[in-house]
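See below for the structure under consideration.
In what follows, chains are A, B, ... by sequence order, proteins preceding strands, each numbered from 1.
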Amino acid sequence: MIIESIEMENFGPYYGKQRVQLGSGSQPLIVIHGENMSGKTSFLNAVRWALYGYAKDRSGNPMLIRKLVNEDAYRDGQRRVGVRLFLNSDDGEEIVLRRQMQAREGVVEASADEDFEEVLSVEVGGNVYSQSKFDDVVNSVLPEGISRFFLFDGELLNEYEELVREGGDVAARRVKQSIEMILGVPAARRGRDDAKALREEADKRYRREAKKDQSAAEAAEILEFEVADQEARLRDQAELTTQLERAQSELRGLEAELKKYDALREDAGKLEQLRQSQRDQEVRREELMADRRLHVADLWRDALTPRLRHELERLERERTSIEIALTDLAYTEHHLTDLNTALKDHTCGTCGQAMPEESMAKLRADLTETSRRLEAVKATADVGRMQELAGTIKHLRDIAPAGVEHAISQIERELGAVALQATKNGQLADLLVERLKGVDDVALLEYERRREALLKLVAKIENELSIKAKQIADGETSITGLRRKLREKDLPALRTLKRELEILENLESLFEAAIQQLIDELRAEVEKESTAIFRALTTDSSYSGLRINEMYGLTILDKDGHEVAVRSAGAEQIVALSLIGALNRLAIRKGPVIMDTPFGRLDTKHRANILRFVPTLAEQVVLLVHGGEVNRERDLAEVAARIDEEYTIEHLTSSRSVIERS
Amino acid sequence: MTVTKRTKKPPAVKEVSATDRLNRILEDLRQSNFSDLDKNFVAQVADVENRNVFDDSRVEARKELRQLIAIQLQSERLEKDEE
């Protein structure tokens, strides 16, 4: 089956009606280029929604219908969204599927899904069918259960990663189910179940007819009771299983909630530590500030040091000159006294001999000069000033440099570091406070109490189920025995019915035995096919192939056949694509593959390998790519001959995009 | 409607017939279990199951199976009568 074209009306960013021809089928590739947020995912969603009635948001959750309606269209009064798919089946039959949602009359502001009315229409080979046939037709062309392998988005990759884990979670089991469905395993399971259902019907008829025969009536009656009891036990078992599933589902929900609380509790612990650290930092900051204040009180001395030094030198110089003057004064006074004595006695003061007149004249001249010098020295030799200078110098010397400048800069550095840490801690604390907002301790306690109760309930139901399983097994043995006894009676009227039962029992056991064999065979085929694809796609020559597990998860093998434990996101994507390729090759239904941004995690070489591989994936492959992952000229040149159509999504405004032929 | 009829072209990839695979397995089991079921009858049942594999209601499938069983019983009866 291929999609001939798609017509979207007010779907997401596509305003009004936009029809896109998806090729004639002559070549498999259709490439739609579009930058992020332009409407690539909306295109994939349009196909998904048209077929199955739901679109997924980026987290994989179903989107509200109102969110699908183009904003501009809604404002313009076009309160509807619709998609029409023109399909061509493998038999060459034209199929037209149309899904439309229209805001109900009288609804002023359509917001909930209930505010919209659904209109479906289906045409096959030109014949119009009733709406009720819509799902049947969809099931016949592209059943929802296997759609994940045709409508390919990032979510599939995440789900695939779950598969690698043995005994994975619910999502992984769902993917496993889808894989088995696309491979056709349900045909064997349904064969067994159908045979069993028909056998039970025939068995009932047989008992009813046997009761009419006197020789078999009692045995048939006993069997009837036993079957009725068994049916009651099976009903109980089904009821218990439902209860168990419900309790387990609630438990899973609670565990998830409690896990969130665990993370919050961890946050609360972190916040407390942060608060303590903030308090310690505040104390340290106060200490540092006090230290700084202390040092700053002396800092002015460090600032005055150059001027003080200069002043001291000047004063020292002045004092020295006064000291010299005082010494000079004492000497001059003494010399003057000696001169006066010598002039008065006419004798030499040193040798005591009489002095001649010529020497006396020299002494008189010396006396005049010395007296004059004495007067000059007296002006300088100011004792008062010298005492004053001594006081000032002493005072100035007391004002010595404190040496606090270095200490203060160290304090400043530490204060800066403390402030930076405080800011960081403050931001982290704000974040934690925000996360912790709304934490309800009462609710937490209630969750824990409910979990305890549920654990007990689950254990109780499991116990009851195991008892019930034993009763059912015993009942089955008993019924088999009773049935054999009844069948041993030769009842001519029931010979055909007896044979019918034999045929159905045989069919049931044949199909039952076929299930595991089919699974084993298909799993081996998937491993073989995906290995072949993987080897063509991978650029790492040290990889020898893939190994499949029970969940259809694939692990990479090295040259020696050992599992490669660590693999990159790119390798993860190659493995996923190999699996998808293998499944599409082995699928019981073939369909178009639409891949949204499939090359995101890949390097150039892998991208080139995958682009070469993609056209072989299906009869029609629609690639929705952005410029960052596929370069039109460089990457598409090699596959140009396989491209049927190429489009570009033009992003006009935040609410309008158009798809145009490139 | 502007859709044009497409000429069916050979598939690009190897087709694997799920019916063939299931049939082969069932036939091997039938032989190894010495089942007295008719080979063609089992193959027809497998075909019904393969065709209706995506139909959850099982109404159509079981209707077809009932018909197959009725035909099988009738043919066995005819064989017996001939004997």
Side-chain angles (χ1 to χ4, degrees), chain A residues 2 4-5 19 21 24-26 28 86-88 90-94 96 123 126 136 139-140 143 145-146 181 183-184 186-188 190-191 193-195 197-198 202 496 499-500 502-504 506-507 509-511 513-514 517-518 521-522 525 584-590 615-619, chain B residues 1-30 32-38 41-42 45-66 68-70 72-74 76-77 80:
Chain A
I2 65 162
E4 289 273 2
S5 63
R19 185 156 171 176
Q21 200 72 29
S24 56
S26 60
F86 299 86
L87 312 175
N88 220 318
D90 288 340
D91 306 323
E93 206 162 36
E94 296 156 1
V96 186
E123 278 177 45
D136 292 341
N139 247 348
S140 71
I146 56 173
M181 198 180 277
L183 293 172
R190 295 200 137 149
D193 297 343
D194 286 342
L198 294 183
T496 309
R499 176 63 189 145
E500 185 179 340
E502 283 169 5
I503 289 173
L504 287 164
N506 273 339
L507 265 184
S509 59
L510 208 56
F511 273 87
Q517 213 164 311
L518 186 62
E521 214 172 274
L522 285 167
E525 283 284 327
N584 275 284
R585 284 182 188 179
L586 295 165
I588 55 169
R589 286 277 196 286
K590 307 290 180 194
T616 68
L617 189 58
E619 200 179 346
Chain B
M1 196 166 70
T2 57
V3 176
T4 49
K5 193 133 182 157
R6 183 168 52 101
T7 316
K8 196 172 184 327
K9 61 183 180 61
V13 291
K14 182 181 72 175
E15 286 285 357
V16 177
S17 163
T19 311
D20 288 351
R21 191 189 302 277
L22 182 57
N23 266 344
R24 183 176 38 73
I25 292 171
L26 288 167
E27 178 54 18
D28 289 349
L29 285 166
R30 195 185 68 86
S32 58
N33 293 351
F34 305 105
S35 169
D36 69 346
L37 289 176
D38 180 75
F41 167 71
V42 175
V45 172
D47 177 54
V48 169
E49 295 303 337
N50 272 310
R51 274 190 289 106
N52 293 284
V53 70
F54 293 112
D55 177 14
D56 290 335
S57 79
R58 310 313 296 154
V59 175
E60 279 302 313
R62 286 177 190 174
K63 200 165 122 187
E64 283 190 55
L65 289 182
R66 282 189 200 97
L68 281 178
I69 290 161
Q72 181 61 21
L73 287 169
Q74 198 180 7
E76 285 184 10
R77 203 163 44 240
K80 215 169 224 177

Tell me, side chain or backbone of A/Leu198 under 4.5 Å from chain B's heavy atoms, or both, or neither? side chain
Out of A/Glu502, A/Arg499, A/Gln517, return the one with the most heavy atom pairs under 4.5 angstrom to chain B. A/Arg499
For B/Arg58, what residues pass the side-chain contact (heavy atoms from CB on, under 4.5 Å) criterion, not counting sequence neighbours? A/Arg190, A/Asp194, B/Glu49, B/Asn52, B/Asp55, B/Ala61, B/Arg62
Note: vs chain B, highest number of non-hydrogen pairs under 4.5 angstrom among A/Leu504, A/Leu510, A/Asn139, A/Thr496 is A/Leu510
Let me know if B/Leu26 has heavy atoms under 4.5 Å from chain A in its side chain, its backbone, both or neither. both
Among B/Arg24, B/Glu76, B/Arg77, B/Gln72, single out the residue with the greatest number of heavy-atom pairs under 4.5 Å to chain A. B/Glu76
Ranking A/Pro28, A/Gly191, A/Gly184 by heavy-atom pairs under 4.5 Å to chain B gives rank one to A/Gly191
Under 4.0 Å between a side-chain nitrogen and a carboxylate oxygen: does that hold for B/Arg51 and B/Asp47? yes
Can you name the closest pair of heavy atoms from A/Phe511 and A/Ala188 and give their distance? CD2-O, 3.5 Å
Could you tell me whether A/Glu619 and A/Lys590 make a salt bridge, using a distance below 4.0 angstrom between a side-chain N and a carboxylate O? no
Counting heavy-atom pairs closer than 4.5 Å to chain A, which one of B/Val45, B/Leu37, B/Val48, B/Asn50 comes out on top? B/Leu37
What residue in A/Ser509, A/Ala187, A/Ala197 has the most heavy-atom pairs under 4.5 Å with chain B? A/Ala187
When you look at A/Glu525 and A/Leu183, which way does the side chain to side chain contact (heavy atoms under 4.5 Å, CB included) test go after all the steps? CA-CA 10 Å; A/Glu525 283 284 327; A/Leu183 293 172; over 6 Å; no
Those residues that, when tested against B/Asn33, pass side chain to side chain donor-acceptor pair (under 3.5 Å) (two or more places apart): none
